[in-house]
2 protein chains.
Amino acid sequence: MDVKTVCLGMLTDGTASGYDLNKTFESSFGHCFAAGYGSIYPALASLAECGCVSCEEIQQDGKPDRKVYRITDKGREQLLAELDNPAPSHKVRSEFLATMAFAHLMTPAQVQTVLNSRIRDADENLQFIDEFESGFDHDAPAGVRFTLGFGRAMLHAMKDYVEENRHMFDSDEIQKTVAR
Amino acid sequence: MDVKTVCLGMLTDGTASGYDLNKTFESSFGHCFAAGYGSIYPALASLAECGCVSCEEIQQDGKPDRKVYRITDKGREQLLAELDNPAPSHKVRSEFLATMAFAHLMTPAQVQTVLNSRIRDADENLQFIDEFESGFDHDAPAGVRFTLGFGRAMLHAMKDYVEENRHMFDSDEIQKTVAR
DNA sequence: GACTTTATATATCGAACTGATACTATACAT
DNA sequence: ATGTATAGTATCAGTTCGATATATAAAGTC
C-alpha cells in the first residue's frame with residue numbers, strides 16, 4: 001500500500017486531477033496517510049504508464065490545462081489485490097517522542113514548550129477533524145467515518161497522556177528523581 | 001530531527017557501533033522512530049565526516065572489525081541545537097487506516113481480518129513495551145519512561161477504539177446503512 | 001552428525017517518499 | 001501596490017525504507 005494505491009482508491013469515487021487528489025490527501029487522509037505533489041504526480045504518471053488509469057487533458061483559458069484521470073478495469077483489479085493485504089501496517093514517526101527521550105539534555109523550560117506545542121497540535125487536529133466531518137453533505141462511507149473516529153480517539157489519548165504525565169518534568173520532580 | 005540526530009543522542013549514553021545503535025532503534029525507539037542499517041550507516045558516515053563523532057576501529061578475531069563511534073564536543077553542540085526545536089512533529093503513516101477508508105470495496109470477512117490483525121499487532125507491541133520496561137536494571141531517564149508510557153497509552157486507545165467500533169462493519173450494519 | 005536459526009558485524013542499492021521550489025494566471029484583500 | 005489564496009502543472013535534492021550481500025561462530029533442533 002503506497003501512494004499509488006491510495007490514488008487508485010480515491011479515483012474509484014470519480015475522476016480527478018493531481019490537484020484534486022492533493023486536496024483529498026490534505027483533508028480526508030491528512031491525519032493518517034500524507035502525500036504531496038512530489039509523490040502524487042509521479043504516482044499518476046506511473047499508473048498511467050501501466051494502464052491502471054487513463055488521462056484526458058482539458059484545455060482551460062487563463063489557467064494551466066487540467067489532466068483528469070480515470071481508473072481503468074485493470075486499475076480496479078490491482079486496487080482490490082492490494083486491499084487484500086490481511087495485515088496492513090500502522091507506523092509512527094515521532095520527532096516529538098525522539099526529542100522527549102532526550103529530555104534530560106534539555107532545560108525544563110524547553111521540555112514544557114515542547115509539551116505545550118504537542119497539545120496545541122492535537123487540539124488543532126481535533127478541530128480539523130470536527131470541521132471536516134460536519135462538512136459532509138451526504139453520508140460518508142463507514143470506512144471514512146471509522147478513520148476519523150480513530151484519529152479523534154488517538155488525539156484525545158495523546159492529550160490526556162501528556163496532561164497527566166507532564167509533571168514528570170517539573171523541576172522539583174527532577175530533584176526527587178536525582179536524589180533517589 | 002532525523003536519524004543522524006537520534007544517533008547523536010544515543011551516543012551521549014556512551015560509545016557504540018552501528019550494530020549497537022540498530023539494536024537501540026529496535027528496542028527503545030522501535031515504537032516511535034524506526035531506522036534500519038540503510039539509514040544508520042550513512043548517518044554515521046556523514047556524522048564522522050562533519051566531525052560530530054570520532055571513530056575507532058577495533059579488530060576482532062572471527063568476527064568483522066567493530067567500528068566504535070564516540071560523540072565529539074561539536075556533536076554535543078549540534079545535538080543541543082536540534083533539541084531546541086519548540087514544535088517537533090508527530091506523524092502517522094497508516095496503511096491500516098488507508099485500507100479501512102476503502103472498506104466498502106472489500107468483503108466483510110476481509111475487513112474483520114484486517115481489524116483482527118491490528119488488535120494482534122497492538123497486543124504484541126504492548127507486550128514488547130512491558131518486557132522492555134521490566135528489563136531495566138537501573139532507572140531509565142524520565143524521558144524514556146515518558147515515551148514508553150505514551151506508546152502504551154496510544155496502543156490501549158487503539159485497541160479500545162477498534163473493539164468498540166468494529167460492529168460498524170458487521171454485514172447487518174451494512175444492510176442498515178445502505179437501507180437508510 | 002547434519003541442519004537451521006540466532007547473534008555478531010559490516011555495507012550497498014533501487015525504489016519510494018519528503019519538503020521545498022519553480023512557473024503561470026486570476027481574484028480578492030490590506 | 002503588495003500580499004495571500006486559489007487553480008494548476010511539475011521537478012529535484014536529500015532522506016529513508018526494505019531487501020540483500022558477505023562472513024563467522026554459537027546454540028539449538030531433528
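Everything numeric here is computed off the predicted structure, so don't read it as measured data. Atom set for the values below is all heavy atoms of this structure, side chains included, hydrogens, waters and symmetry mates excluded. Proteins come first, then strands; the chains are lettered A, B, ... in the order of their sequence lines, and each starts at number 1.
- OP1 or OP2 of D:dC17 sits under 4.0 Å from a side-chain N or O of B:Ser39.
- The environment of CG in B:Asp13 is sparse: at most 12 heavy-atom neighbours from other residues, nucleotides or ligands sit within 6.0 Å.
- B:Gly38 comes within 4.0 angstrom of a base, heavy atoms only.
- With A:Thr99 contributing its side chain and B:Leu83 its backbone, the two residues share no donor-acceptor pair below 3.5 Å.
- If you look at A:Phe150 and A:His90, their ring centroids are closer than 6.0 Å.
- The interatomic distance linking A:Leu21 (CG) with D:dA7 (C1') rounds to 15 Å, in whole Å.
- In terms of phosphate contacts, B:Lys67 brings a side-chain nitrogen or oxygen within less than 4.0 Å of OP1 or OP2 of C:dA11.
- Using a 4.0 Å cut-off, no side-chain N or O of B:Lys91 falls inside it from OP1 or OP2 of C:dT18.
- A distance of 11.0 Å separates CG of B:Leu79 from CG of B:Asp84, quoted to the nearest 0.5 Å.
- Side-chain atoms of B:Arg152 and B:Asn125 form no donor-acceptor pair, as typed in the model, at a separation below 3.5 Å.
- At a threshold of 4.0 angstrom between heavy atoms, the contacts of B:Ala43 with the nucleic acid are absent.
- The side chain of B:Tyr19 contributes an N or O atom lying less than 4.0 Å from OP1 or OP2 of C:dT8.
- Counting to the nearest Å, the C1' atom of C:dT10 and the CD1 atom of B:Ile40 are 12 Å from each other.
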Enumerate all atom pairs, one protein N or O and one N or O from nucleotides 14-16 of chain C, separated by less than 3.5 Å.
none

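- Proximity of B:Ser17 to the phosphate of C:dT8: no side-chain N or O atom is located under 4.0 Å from OP1 or OP2.
- As a whole-Å value, the separation of A:Lys23 NZ from D:dT9 C1' is 14 Å.
- Here B:Tyr41 is tied into one hydrophobic group with B:Tyr19, B:Tyr37, each link being a pair of ILVMFWY side chains closer than 4.5 Å.
- Relative ring orientation between B:Phe132 and B:Phe128 is described as parallel, the plane-to-plane angle staying below 30° on a 0-90° scale split at 30° and 60°.
- The separation between A:Phe33 atom CZ and C:dC17 atom P is 7 Å, rounded to whole Å.
- Atom CE of B:Met1 is separated from atom C1' of C:dG19 by 18 Å (rounded to the nearest Å).
- Of the possible polar contacts, one joining the B:Thr24 side chain to the B:Asp20 backbone as a donor-acceptor pair under 3.5 Å is found.
- Remark: nothing in residues 74-84 of chain B comes within less than 4.0 Å of DNA chain C through any heavy atom.
- Between B:Tyr37 atom OH and D:dA19 atom C1' there is a gap of 13 Å when expressed in whole angstrom units.
- The shortest distance between the side-chain N/O atoms of A:Tyr41 and the OP1/OP2 oxygens of D:dT9 is below 4.0 Å.
- A salt bridge links A:Arg118 to A:Asp121: at least one charged side-chain nitrogen sits closer than 4.0 Å to a carboxylate oxygen.
- Atom CG in B:Asp20 sits roughly 14 Å away from atom P in C:dA7 (whole-Å rounding).
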